[in-house]
**Q** 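Handing you a structure now.
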Amino acid sequence: MSRREATAPLLANEEPRDSFDEDERALLLQEETKQIRRERRRMVLCLGLALVLTSSAVAITFFFAKRSLGRSRNVIMMISDGFGPASQTYGRSYWQYTKNYTIGTLTPLDKMLVGTSRTRSSDSLVTDSAAGATAFSCALKTNNAAIGVDEAGVPCGTILEAAHALGMLTGLVVTSRVTHATPAAFSAHVVHRDMEETIAEHQIGDYILGRQVDLMLGGGRCFFLPNTTAGGCRTDGRNLIKESENFGWKHVMLNKREFEEKSEPYLPLPALGLFHADHMNYEIDRDKSDKSQEPRLKDMAAAALKSLKENSGTNKGFFLMIEGSRIDMGAHNNDPVAHAHEILEYYETVKVVRDFVQSNPDTIVISTSDHETGGFTLGFQEDPHTYPEYLWKPEVIERAKRSTEVLTRDLFAYQGKNRRSFVRSEILGQGLGISDPTEDELSFLSSTNEDGTPAPLPTDILAFLGHAISRRATLGWTTMGHTGVDVNLYAAGERIENLRGNHENTYIGEFMSEFLKVDLDVITRKLAQPADKKWFKSNFEGPSQSRHLVCLDSVASAIIAEQTGGKRVELCAGLMEGGITPSAGLISTVKAKTSLPVMVMIRPRGGDFCYDDDEFEAMLADIKVCHSLKVEGVVFGILLPDGSVDKARTKMLVDAAQPMLVTFHRAFDMVKDPFQALEDIIAIGGIQRILTSGCERSAYEGLDMLVQLVKRAQDRVIILPGAGITDRNVEKIVAAMGAKEVHVGAGGSKESRMEYRNPYCSMGYAVSAPEYALKVTSESKLGGMIQKF
């Protein structure tokens, strides 16, 4: 029997049936249906809950990932301005010598070397600091002199602004003016680096994005204060230190003592430290005593790192830019002493930063240069006809105690009778450690007239001193400007592998953006949005660029001055008499025909500057006219019969002129004691400039006195050189004084339109200007001076 047959039912023809009746079966079917529905609902609920939990997990993961990737990381960008490969070799060797290290000892920078950076800008193989820093900050190429804008002059978002947009803290630490090119490129947007008044406004937060910087330490107080106050140079009357409170700045430090007090336990934020009116001193010149007004770069960096870490909290992070600014300036001066000591201070700062990076995960430091400066060479062959000495003499650099910049100022300020002895003992001996000066060196630095009196000093003393000590150390320079060589690239921290090799400088900006997970284009779009207040100046203009004060006496000359690039005019009549008050008609027409700021001469007549009561009354009346015509400033001077400043009536004129700018004119050159006159004018207050030729016929002849006045003024008032300044001497005068402004005439003439000319009559005195040769500003002369300045 088969298995199938064996299992067949005995009654195969009967239908199988269960033991339930119809009612029971209906109840079972109903219950089964309910159970299926319950299972379905349970499945839907489980699926919904799973979706919610999954979505929450994704959201939480994304949230913390965003916080981790976008906010917890720290970037420290270090810039060694003007520091090329030769400077690193030089710095290492001198560092080893001063520390008594072996030649195999590595500097803090050597341990971080990862590659090199190409430095060219959009418009030149040789970049400047503005374009170089913008490549880092905006990750794009731009033209030389441009700050935080692309090559079309359009504002570009910076890494600092992008970091701030993510809630990160931001900081700038420099030894230059904080308004100088490199720090400006991270914190401002202007078409030209010399627009430092505008740069300062952006840095405190007075632009479309508001305050973006939490900590800013360096020099440059000058551009934050009006030129009516000590150490200020703003021409618009604004006090940005005071205004900064409106943008959230809560802590301001103006000296080392205040810096140290606020640094314990750590600097509160936002904090602004402006430790010098101009650039901070070279490290070799910085006062090392307890009375020092300036902290070291190393100490500022350490305080910044501690403050940003403590104030940022968990998962916030920061961006910090640190610049060894004055490495570059030492090289510009071809001064191996200042250059060396700035490099050593940078090494100390790098060590502080590396220690911080090693103890703080998710932190990177990148150190590189914007360009090389000086064409610096480690080796010098003075005579090409003799076999060169392959020597390096670090002891020559070690003996020097001052920068050539300070020594040049000291030499110009010297008023003693034995300049040669002063040069030998103080300038060369004590200053540069040169005990074997040559006769040529002593003669150049101690030039005298035929009668034995001191002669005007040469204006290239700065370079001469730098080359004197460089030659003895067998060092060389090929330029006092920049070069186009590649610079070294250094980095430390996690995930820096992609920095290895040779890169365009813009890649450094791209790398930092990727590391912080920020989008610079987002910030660029924000900068392009309409704003209630016009914040971006698309042209290089404004009071902070009023470097060329052009003296003129006609509408035609004013138009020429504006077209040629002059930035401000002194308007007068009667130039043959040294200038007198112009008519209201001339003033109003110049204001209508040009956009130049106008300074009006207030002088009732030619001749001396000792005025009677009627003349003084006329001067007060002319100032009222200037108010009504809305001129920007007035120029006057008034003396007593004994050759001193008439302080009482000068004060009355100043008070009448407020809030216009005031310049005390060349009446100063007629005083008996210029140094006392300087102090009297400063004491009066409200006078921003003194126009002077140094009490000589021309500024070039009075250059010694001008340099002394600059040193004595100490930024309390601007010494404005004027008289006889031409395109042939403007560079020398500016270099010797460190002048930021010059007063020029650029006089020329044009032929009269008169066809009939009466040969028997003239309208002037017996000695006067040619009747039919009209005095007018020379476009070629003025343009030449502006180009050189």
Side-chain angles (χ1 to χ4, degrees), residues 235 541 543 546 548-607 609 611 614-638 653 656-667 689 691 720 722-723 742-754 762-765 768-779 781-782:
T235 58
E541 59 186 13
S546 299
H548 317 97
L549 177 61
V550 185
C551 183
L552 46 84
D553 64 351
S554 70
V555 177
S557 291
I559 293 172
I560 291 172
E562 182 172 44
Q563 292 174 344
T564 310
K567 295 300 179 181
R568 191 174 62 209
V569 299
E570 178 188 310
L571 188 60
C572 59
L575 281 176
M576 289 292 292
E577 297 181 273
I580 59 174
T581 306
S583 70
L586 177 58
I587 299 170
S588 61
T589 305
V590 168
K591 292 285 291 179
K593 296 289 185 179
T594 74
S595 60
L596 294 174
V598 176
M599 305 287 291
V600 173
M601 169 77 80
I602 305 297
R603 189 183 179 205
R605 57 163 170 79
F609 302 99
Y611 302 118
D614 292 335
E615 291 167 335
F616 182 69
E617 185 177 341
M619 296 173 76
L620 290 171
D622 285 332
I623 289 176
K624 288 183 180 179
V625 171
C626 289
H627 276 297
S628 68
L629 296 175
K630 302 186 185 311
V631 303
E632 284 71 21
V634 289
V635 183
F636 54 71
I638 184 168
L653 293 174
Q658 294 304 309
M660 292 187 291
L661 299 173
V662 175
T663 297
F664 194 96
H665 63 39
R666 288 192 63 208
R689 292 170 178 80
L691 171 61
L720 178 62
V742 292
H743 179 280
V744 299
S749 65
K750 69 175 183 178
E751 191 70 10
S752 167
R753 295 169 56 202
M754 286 296 298
S762 69
M763 292 294 105
Y765 293 111
S768 62
E771 189 74 24
Y772 299 104
L774 305 183
K775 301 295 291 183
V776 68
T777 296
S778 167
E779 183 174 351
K781 290 181 181 178
L782 180 58

**Q** Scan residues 581-606 for pairs that pass salt bridge (Lys or Arg N to Asp or Glu O under 4.0 Å), counting only residues two or more places apart or in two chains.
**A**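 Found Lys591-Glu632, Arg605-Asp608, Arg605-Glu615.
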**Q** Listed by chain and number, what are the side-chain contact (heavy atoms from CB on, under 4.5 Å) partners of Ala584, not counting sequence neighbours?
**A**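 For Ala584 the side-chain contact (heavy atoms from CB on, under 4.5 Å) partners, ignoring immediate neighbours, are Val625, Leu629.
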**Q** How many angstroms lie between atom OG1 of Thr594 and atom CD1 of Ile560, to the nearest 0.5 angstrom?
**A**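 Thr594 OG1 to Ile560 CD1: 12.5 Å, rounded to 0.5 Å.
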**Q** Pair Val635, Val600 - check side chain to side chain contact (heavy atoms under 4.5 Å, CB included), show working.
**A** CA-CA 6 Å; Val635 183; Val600 173; over 6 Å; no
**Q** To the nearest 0.5 angstrom, please state how far the CG atom of Leu586 sits from the CG atom of Leu571.
**A**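 Between atom CG of Leu586 and atom CG of Leu571 there are 4.5 Å.
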**Q** Side-chain contact, heavy-atom cut-off 4.5 Å: Met599 with Val569?
**A**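 The answer is no; the side chains never approach within 4.5 Å.
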**Q** Does His627 use its side chain to pair, donor to acceptor, with the backbone of Pro659 at less than 3.5 Å?
**A**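 Looks like no, no N/O pair under 3.5 Å.
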**Q** Identify the heavy atoms of Val634 and Ala657 that sit nearest to each other, and give their distance.
**A**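 Closest approach of Val634 to Ala657: CG2-CB, 3.7 Å.
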**Q** How many angstroms lie between CG in Leu720 and CZ in Arg666, if you round to the nearest 0.5 Å?
**A**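 So the gap between those two atoms works out to 11.0 Å.
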**Q** Quick check: closest heavy atoms across Ile602 and His665, and the distance to 0.1 Å?
**A**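 Closest approach of Ile602 to His665: O-NE2, 4.4 Å.
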**Q** Determine, stepwise, if the pair Thr663 / His743 fulfils side chain to side chain contact (heavy atoms under 4.5 Å, CB included).
**A** CA-CA 12 Å; Thr663 297; His743 179 280; over 6 Å; no
**Q** Would you name the heavy atoms of Met619 and Phe636 that are closest together and state the gap between them?
**A**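 For Met619 versus Phe636, the nearest heavy atoms are CE-CB, 4.3 Å.
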**Q** So, for Tyr611 and Phe616, which heavy atoms are closest and what is the spacing to 0.1 Å?
**A**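 Between these two residues, the closest heavy atoms are CB-N, 4.5 Å.
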**Q** For Ala656 and Ile623, work out which heavy atoms get closest and say how close.
**A**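 The answer is O-CG2, 3.6 Å.
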**Q** Can you name the closest pair of heavy atoms from Met601 and Cys572 and give their distance?
**A**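 For Met601 and Cys572, the tightest heavy-atom pair comes out as CB-CB, 3.6 Å.
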